[in-house]
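These notes are about the structure you will find just below.
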Amino acid sequence: MAKKPSIPKGTRDFSPAEMVRRNYIFDTIKGVFCKYGYMPLETPAMENLDTLLGKYGDEGDKLLFKILNSGDYLKKADETLLANKDSNRLTGQISEKGLRYDLTVPFARFVVQHQGELTFPFKRYQIQPVWRADRPQKGRYREFFQCDVDVVGSNSLLNEVELIQIVDEVFRKLGIRVVIKLNNRKVLAGIAEIIGEATRLTDITVAIDKLEKIGLEKVNAELAQKGLSAEAIDKLQPILSLSGSNSQKLEQLKEILAGSETGQKGIDEISEVLDVLKELNLATDVELDLTLARGLNYYTGAIFEVKALDVEIGSITGGGRYDDLTGIFGLKDVSGVGISFGADRIYDVMNQLDLYPPEVTSATQLMFVNFGAVEARYCLRLAGELRQKGLRVEVFPDNAKLKKQMNYAHKKNIGFVALVGEEEMNKGIVTLKDMNSGEQRSVKPEEIAEIIR
RNA sequence: GUGAUUGUAGCUCAGCUGGUUAGAGCGCCAGAUUGUGGCUCUGGAGGUCGCCGGUUCGAAUCCGGUCUUUCACCCCA
């Protein structure tokens with residue numbers, strides 16, 4: 001056998017059967033975005049490297065896929081760097097483009113670049129693949145789809161509320177039971193302040209974000225290892241173990257963070273969002289979770305995450321507010337808030353729970369058997385008429401053995417097969433076979449649509 | 001980037017401490033059944049055992065490298 005063709009590590013093909021399911025998810029999500037006034041946006045798969053570099057931290061820079069310059073790209077490279085095999089510094093000379101790492105930074109770039117043409121608040125959604133040179137593992141790929149919805153140019157907390165409504169509606173439509181976890185970076189900053197480690201906010205958030213996964217002991221160990229004082233870790237304990245209803249948690253927090261202005265601001269924001277939500281009768285529970293931190297450093301206010309209740313898979317949607325995302329591209333004071341639906345994980349959840357409505361997976365409704373050139377032309381006309389009535393119809397292209405044609409219909413899960421040979425043509429009828437029951441009968445062409453529907 | 005793990009027919013996998021011609025199930029093709037799929041039976045095609053090198057009289061089997069799969073860590077969706 002010849003060498004088997006393959007695809008790069010961490011990438012996937014999507015078969016027709018998978019695509020109809022994925023499209024169902026995307027269409028459902030798009031439909032909801034649309035209802036709230038968000039418009040579609042697409043940006044190029046590749047961006048200039050300087051747009052991408054430095055936006056995701058050192059770790060992120062390493063995970064960027066870089067694109068080699070065209071032509072004789074080594075010609076311009078520095079001899080010394082080449083001789084020393086200094087890949088890091090050489091990269092800048094032989095590559096100036098990279099594949100996008102997420103949709104948020106290209107979006108920020110777009111907003112800055114087109115600020116004159118946009119009307120604010122600007123609401124867009126974007127569903128496109130992104131690439132990361134990570135090592136693939138369970139549920140993690142090198143090419144995967146993000147499904148972002150953001151609004152920039154408005155500080156109102158109503159945007160946070162709206163995004164939560166969208167989450168609620170999307171998952172209700174898809175039939176996935178979820179819980180929305182809510183927190184606020186200002187609260188986390190307040191906590192860091194109160195325990196006397198204001199400058200260690202990132203280390204603290206990264207560590208407590210793991211609480212659910214690795215447990216309190218290990219989180220404390222990690223905090224100690226990062227250099228937090230025992231006293232600070234001690235002060236943190238009651239906060240990590242806060243329990244009760246949202247309002248009970250908020251009450252306790254208010255006391256704990258009494259000394260922190262930022263912290264108070266965060267509490268106010270959370271309270272307001274929860275307050276407005278109360279009147280909206282969401283199907284989904286919104287839970288204040290102080291251990292929700294999310295790694296991304298650019299979040300400054302609300303942060304949220306959505307977890308499936310019936311499947312162990314981690315978060316399937318997440319996001320937050322970022323006050324200065326466009327600042328890195330020179331546009332100050334444009335606040336935004338957005339969330340990203342994890343399409344691949346949602347797909348996994350949908351599959352595991354088998355939540356697709358039956359019409360999603362059905363394709364062709366009726367197939368005409370091909371008995372030869374003359375019969376096929378006759379069938380083509382009938383098929384055309386049925387398609388006009390909105391039926392999904394195909395005519396088998398080859399005059400193959402009937403067994404093969406029937407088998408094709410069977411494998412493709414086609415509901416009905418029409419047999420039209422010389423005899424049927426002369427009589428002006430078709431023999432219609434129901435592939436599920438095996439029954440067949442002679443009917444007039446104009447009756448077909450009625451029977452199949 | 002670190003540490004493991006996997007690779008044998010289209011697919012899922014057997015193949016012992018190295019020893020003739022590498023097997024099974026499913027799928028595929030053909031026939032039983034010339035205008036009838038699914039079920040059954042019969043027959044057939046299909047593999048330089050991921051790739052490169054080494055050890056050996058002899059390698060799917062042992063060793064090294066490389067790619068790939070899966071998993072954990074880091075980080076993240």
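All values below come from the heavy atoms of this structure, side chains included, with hydrogens, waters and symmetry mates left out. In the text below, chain A, chain B and the rest are named by the order of the sequence lines, each starting its count at 1.
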Separation of the [atom1] atoms in [N] and [M], to the nearest angstrom:
{"N": "B:C75", "M": "B:C11", "atom1": "P", "answer": "37 Å"}
{"N": "B:G38", "M": "B:G27", "atom1": "C1'", "answer": "15 Å"}
{"N": "B:G25", "M": "B:U66", "atom1": "C1'", "answer": "33 Å"}
{"N": "B:U8", "M": "B:U69", "atom1": "C1'", "answer": "15 Å"}
{"N": "B:G64", "M": "B:C39", "atom1": "P", "answer": "48 Å"}
{"N": "B:C49", "M": "B:C16", "atom1": "P", "answer": "16 Å"}
{"N": "B:U17", "M": "B:G7", "atom1": "P", "answer": "15 Å"}
{"N": "B:A9", "M": "B:G23", "atom1": "P", "answer": "14 Å"}

Could you tell me how far apart [X] ([atom1]) and [N] ([atom2]) are, to the nearest whole angstrom?
{"X": "A:Lys307", "N": "B:C76", "atom1": "NZ", "atom2": "C1'", "result": "14 Å"}
{"X": "A:Lys218", "N": "B:C74", "atom1": "NZ", "atom2": "P", "result": "10 Å"}
{"X": "A:Arg142", "N": "B:U68", "atom1": "CZ", "atom2": "C1'", "result": "11 Å"}
{"X": "A:Met367", "N": "B:U36", "atom1": "CE", "atom2": "P", "result": "14 Å"}
{"X": "A:Lys138", "N": "B:A4", "atom1": "NZ", "atom2": "C1'", "result": "17 Å"}
{"X": "A:Tyr141", "N": "B:C71", "atom1": "OH", "atom2": "C1'", "result": "13 Å"}
{"X": "A:Leu63", "N": "B:A77", "atom1": "CG", "atom2": "C1'", "result": "13 Å"}
{"X": "A:Gln405", "N": "B:U33", "atom1": "CD", "atom2": "P", "result": "21 Å"}

With a 6.0 Å cut-off on ring centres, are A:Tyr347 and A:Phe14 close enough?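 Centroid separation for A:Tyr347 and A:Phe14: 6.0 Å or greater.
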
Any base atoms under 4.0 Å from [X], or only sugar-phosphate, or nothing? Heavy atoms, all strands.
{"X": "A:Gly318", "answer": "nothing"}
{"X": "A:Asp134", "answer": "base"}
{"X": "A:Lys433", "answer": "base"}
{"X": "A:Gly438", "answer": "base"}
{"X": "A:Asp58", "answer": "nothing"}
{"X": "A:Tyr408", "answer": "nothing"}

Is there a donor on the side chain of [X] or the base of [N] sitting less than 3.5 Å from an acceptor on the other?
{"X": "A:Arg135", "N": "B:U69", "result": "no"}
{"X": "A:Glu424", "N": "B:G35", "result": "yes"}
{"X": "A:Lys403", "N": "B:U36", "result": "no"}
{"X": "A:Gln440", "N": "B:U36", "result": "yes"}

Of the nucleotides [options], which one has an atom closest to the side chain of [X]?
{"X": "A:Leu402", "options": "B:U36, B:A72, B:C75", "value": "B:U36"}
{"X": "A:Asn407", "options": "B:A72, B:G37, B:A30", "value": "B:G37"}
{"X": "A:Phe144", "options": "B:A77, B:G31, B:C74", "value": "B:A77"}
{"X": "A:Lys411", "options": "B:G27, B:G35, B:C75", "value": "B:G27"}
{"X": "A:Ser315", "options": "B:G35, B:A77, B:G37", "value": "B:A77"}

Tell me whether [X] forms a cation-pi arrangement with [Y], defined as NZ or CZ under 6.0 Å from the six-membered ring centre and within 45 degrees of its axis.
{"X": "A:Arg177", "Y": "A:Phe171", "value": "no"}
{"X": "A:Arg22", "Y": "A:Phe145", "value": "yes"}
{"X": "A:Arg185", "Y": "A:Tyr299", "value": "no"}

Could you tell me whether the phosphate oxygens of [N], OP1 or OP2, come under 4.0 Å of any side-chain nitrogen or oxygen in [X]?
{"X": "A:Lys412", "N": "B:G38", "value": "no"}
{"X": "A:Lys210", "N": "B:C75", "value": "yes"}
{"X": "A:Gln137", "N": "B:A72", "value": "yes"}
{"X": "A:Lys9", "N": "B:U68", "value": "yes"}

Can [X] and [Y] be counted as having a side-chain donor-acceptor contact under 3.5 angstrom?
{"X": "A:Gln137", "Y": "A:Arg135", "answer": "no"}
{"X": "A:Gln352", "Y": "A:Asp310", "answer": "no"}
{"X": "A:Thr431", "Y": "A:Glu424", "answer": "yes"}

For A:Arg132 and for A:Gly10, locate the closest nucleotide of RNA chain B by heavy-atom distance; then report the residue assigned to the nucleotide nearer the 5' terminus.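 Checking each residue's closest nucleotide, the 5'-ward one belongs to A:Gly10.
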
Toward the 5' end of RNA chain B, which comes first, A:Gly60 or A:Ile7, by nearest nucleotide?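 Mapping each residue to its closest nucleotide by heavy atoms, the 5'-most match is A:Ile7.
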
Under a 3.5 Å cut-off for both distances, is B:C62 Watson-Crick or wobble paired, and to whom?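 Partner of B:C62: B:G54.
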
The single option from A:Phe144, A:Tyr56, A:Phe65, A:Trp131 passing ring-ring contact (aromatic ring centres under 6.0 Å, His included) against A:Tyr101: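 Going through A:Phe144, A:Tyr56, A:Phe65, A:Trp131 one by one, the ring-ring contact (aromatic ring centres under 6.0 Å, His included) with A:Tyr101 is satisfied by A:Tyr56 alone.
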
